[in-house]
Amino acid sequence: MRRMIQVTATLVCGVLFVLSAGCGGSDDPADPGDPSCSIEFTSPASGVSFNTGDTVNLRWNASGGGDVRLSLVKAGAEQSEIAAATPNDGYYSWTASTLGAASGTDFGLALTHTTNDCADTLALSLVNTAGCTFTVDTPDTTYEGDDVVLTWTSMNTTGTVDVELWYFTVDDYRITQLAIDTPDDGEFLWENVDSFHEGTSDFFAIRVYDAEVDGCFGASDPFRIVDDNVCEFSFHEPLSSSVYDEGGQMRIRFSGHNDTGNVDFFLYEGYVNLVAYIANDVPTFDGEYMWTIDVPDGYTGLPTTFRVKAVDSNDEHCTEFSHMFTINLAK
């Protein structure tokens with residue numbers, strides 16, 4: 001009888017074990033254990049460089065669900081928390097920042113599951129461009145053909161700059177770029193100074209721009225360039241307010257001074273909108289060109305605001321516009 005009771009008890013316990021995953025033992029049937037967890041960055045690539053303010057789309061292979069914590073690391077130590085808990089869905093849009101640290105190649109992003117033991121780190125280079133500024137020195141009075149060292153100081157730039165020559169009048173405008181993507185080392189040698197046919201004036205200025213950061217630039221005070229070697233054109237026809245018929249002939253009469261010997265002509269609406277090409281490499285010695293008037297089909301601008309623009313064939317900075325005239329467009 002005692003033996004039958006023991007067997008019966010054993011069978012009952014076995015059934016209960018199957019149903020409850022334990023019978024009289026230390027296993028907790030309410031704790032199935034943590035699910036598997038794996039995190040691995042997939043984008044961007046390791047070591048990529050970003051500037052302050054860049055939008056960085058972080059992507060990772062995610063499993064385990066839940067949330068993850070994102071933080072910025074520098075030289076192996078946490079710099080600052082970026083997100084305490086964001087869904088572990090494999091994506092986070094981050095606005096790049098050094099969070100007050102100096103620029104460097106020793107940054108990283110650490111991604112850690114908030115409840116499970118899985119994590120990954122992505123190596124990055126970051127450039128602190130917050131407060132990017134330039135202070136540009138004013139050159140001395142200089143002469144056409146001189147060599148001048150342009151100087152400036154800067155803070156929080158990306159390391160490369162563009163250098164431009166500007167003219168300050170009622171309407172300030174850029175004359176030309178003197179350098180593109182040159183090192184931000186505080187100086188640039190401007191060889192063979194030129195006013196680019198603006199002539200002698202006290203209203204030139206140098207602007208230095210960060211090559212990558214929009215709105216980060218500095219300008220010198222106005223300075224003087226002495227330049228008497230100026231290329232220029234003069235128009236004698238078309239006359240102001242002249243009226244022509246499309247398909248007819250227009251005599252373009254002109255003269256040049258200090259030009260390279262040939263000129264290209266273009267049809268403009270006003271001073272800005274290019275309408276059509278007229279002719280190229282017209283000898284300036286001839287002093288005139290007969291144009292069979294042809295306006296492109298579909299032109300919808302004003303027919304009363306046409307001008308001819310002359311451009312030296314070998315010097316894009318030597319230009320001039322004719323008086324304004326009208327073309328009766330063919331229907």
Side-chain angles (χ1 to χ4, degrees), residues 34-136 151-164 179-188 207-219:
D34 290 336
S36 62
C37 174
S38 176
I39 292 175
E40 181 180 5
F41 277 109
T42 59
S43 181
S46 178
V48 173
S49 180
F50 295 101
N51 300 328
T52 297
D54 286 349
T55 298
V56 184
N57 294 318
L58 302 174
R59 300 183 185 277
W60 64 91
N61 288 327
S63 64
D67 294 332
V68 290
R69 179 178 182 267
L70 181 66
S71 59
L72 182 68
V73 175
K74 183 172 175 62
E78 182 171 309
Q79 174 73 18
S80 183
E81 184 177 76
I82 297 173
T86 186
N88 184 25
D89 56 7
Y91 176 78
Y92 186 85
S93 179
W94 175 54
T95 301
S97 172
T98 65
L99 298 175
S103 303
T105 60
D106 56 349
F107 284 95
L109 292 174
L111 195 63
T112 306
H113 201 282
T114 56
T115 58
N116 293 335
D117 186 21
C118 57
D120 195 19
T121 301
L122 175 68
L124 292 176
S125 295
L126 294 177
V127 181
N128 182 11
T129 59
C132 177
T133 58
F134 291 94
T135 301
V136 184
T151 59
W152 65 88
T153 57
S154 62
M155 182 176 69
N156 290 352
T157 72
T158 60
T160 56
V161 298
D162 300 334
V163 182
E164 299 180 349
I180 301 174
D181 289 343
T182 193
D184 180 22
D185 55 10
E187 66 178 36
F188 172 75
R207 285 193 179 188
V208 180
Y209 291 79
D210 190 286
E212 297 183 33
V213 181
D214 291 340
C216 179
F217 72 93

Donor-acceptor pair, distance only, cut-off 3.5 Å: does the side chain of Asp120 make one with the backbone of Phe41? yes

Residues 92-130 vs disulfide bond (SG atoms under 2.5 Å apart), sequence neighbours excluded, gives Cys37-Cys118

Within the structure provided, determine whether Leu126 and Leu72 are in side-chain contact (heavy-atom separation under 4.5 Å). yes

Approximate separation, where rounding is to 0.5 Å, of Thr157 OG1 and Phe134 CZ: 5.0 Å

Would you find a donor on one side and an acceptor on the other, under 3.5 Å apart, between the side chain of Ser63 and the backbone of Ser38? yes

side-chain contact (heavy atoms from CB on, under 4.5 Å) with Thr133: which residues, sequence neighbours excluded? Met155

Give the minimum heavy-atom separation between Gln79 and Ala101, together with the two atoms involved. NE2-CB, 3.7 Å

Using the salt bridge (Lys or Arg N to Asp or Glu O under 4.0 Å) criterion, which residues pair with Arg59? Sequence neighbours excluded. none

Tell me, please, which residues at least two apart from Ala219 pass side-chain contact (heavy atoms from CB on, under 4.5 Å). Arg207

Sequence neighbours left out, what passes salt bridge (Lys or Arg N to Asp or Glu O under 4.0 Å) with Glu187? Give chain and number order. none

Any pair counted as salt bridge (Lys or Arg N to Asp or Glu O under 4.0 Å), so long as it reaches residues 39-52, sequence neighbours left out: none

Sort and list the pairs that fulfil salt bridge (Lys or Arg N to Asp or Glu O under 4.0 Å) and have at least one residue in residues 96-111, not counting sequence neighbours. Lys74-Asp106

Residue set satisfying salt bridge (Lys or Arg N to Asp or Glu O under 4.0 Å) with Glu164, at least two apart, ordered chain then number -> Arg174

Nearest non-hydrogen partners of Asp184 and Ser154, listed with the distance: OD2-OG, 2.7 Å

Would Asp67 and Thr114 count as a side chain to side chain donor-acceptor pair (under 3.5 Å) here? Give the steps. CA-CA 6 Å; Asp67 294 332; Thr114 56; 5.1 Å; no

So CG of Leu111 and CH2 of Trp60: to nearest 0.5 Å the spacing works out to 5.0 Å

Using 0.5 Å steps for rounding, measure from the CG atom of Leu58 to the CD1 atom of Ile82. 7.5 Å

Output side-chain donor-acceptor pairs under 3.5 Å for residues 46-53, partner residues at least two apart or in another chain, one line each.
{"from": "Asn51", "atom 1": "ND2", "to": "Glu212", "atom 2": "OE1", "distance (Å)": "2.9"}
{"from": "Thr52", "atom 1": "OG1", "to": "Val127", "atom 2": "O", "distance (Å)": "3.2"}
{"from": "Thr52", "atom 1": "OG1", "to": "Thr129", "atom 2": "N", "distance (Å)": "3.1"}

Does Asn156 have any side-chain contact (heavy atoms from CB on, under 4.5 Å) partners at least two apart in sequence or in another chain, and if so, which? Asn128

Heavy-atom check, side chain of Trp152 versus side chain of Val161, under 4.5 Å: yes

Spacing of NE2 belonging to His113 relative to CG belonging to Asn88, to within rounding of 0.5 Å: 5.0 Å

Write out all pairs satisfying side-chain hydrogen bond (donor to acceptor under 3.5 Å, both in side chains) with one or both partners inside residues 90-104, taking only residues at least two apart or from two chains. Asn57-Tyr91

Of the non-hydrogen atoms in Ala96 and Val56, which two are nearest, and what is the gap between them? CB-CG2, 4.0 Å

If the condition is side-chain contact (heavy atoms from CB on, under 4.5 Å), which residues does Ala211 pass it with, not counting sequence neighbours? Thr160, Asp162, Asp181

Going from CG on Asp117 to OG1 on Thr112, what distance comes out if it is rounded to the nearest 0.5 angstrom? 9.5 Å

May I ask you to decide if the ring planes of Tyr209 and Phe217 are parallel, tilted or perpendicular, using 30° and 60° as cut-offs? parallel

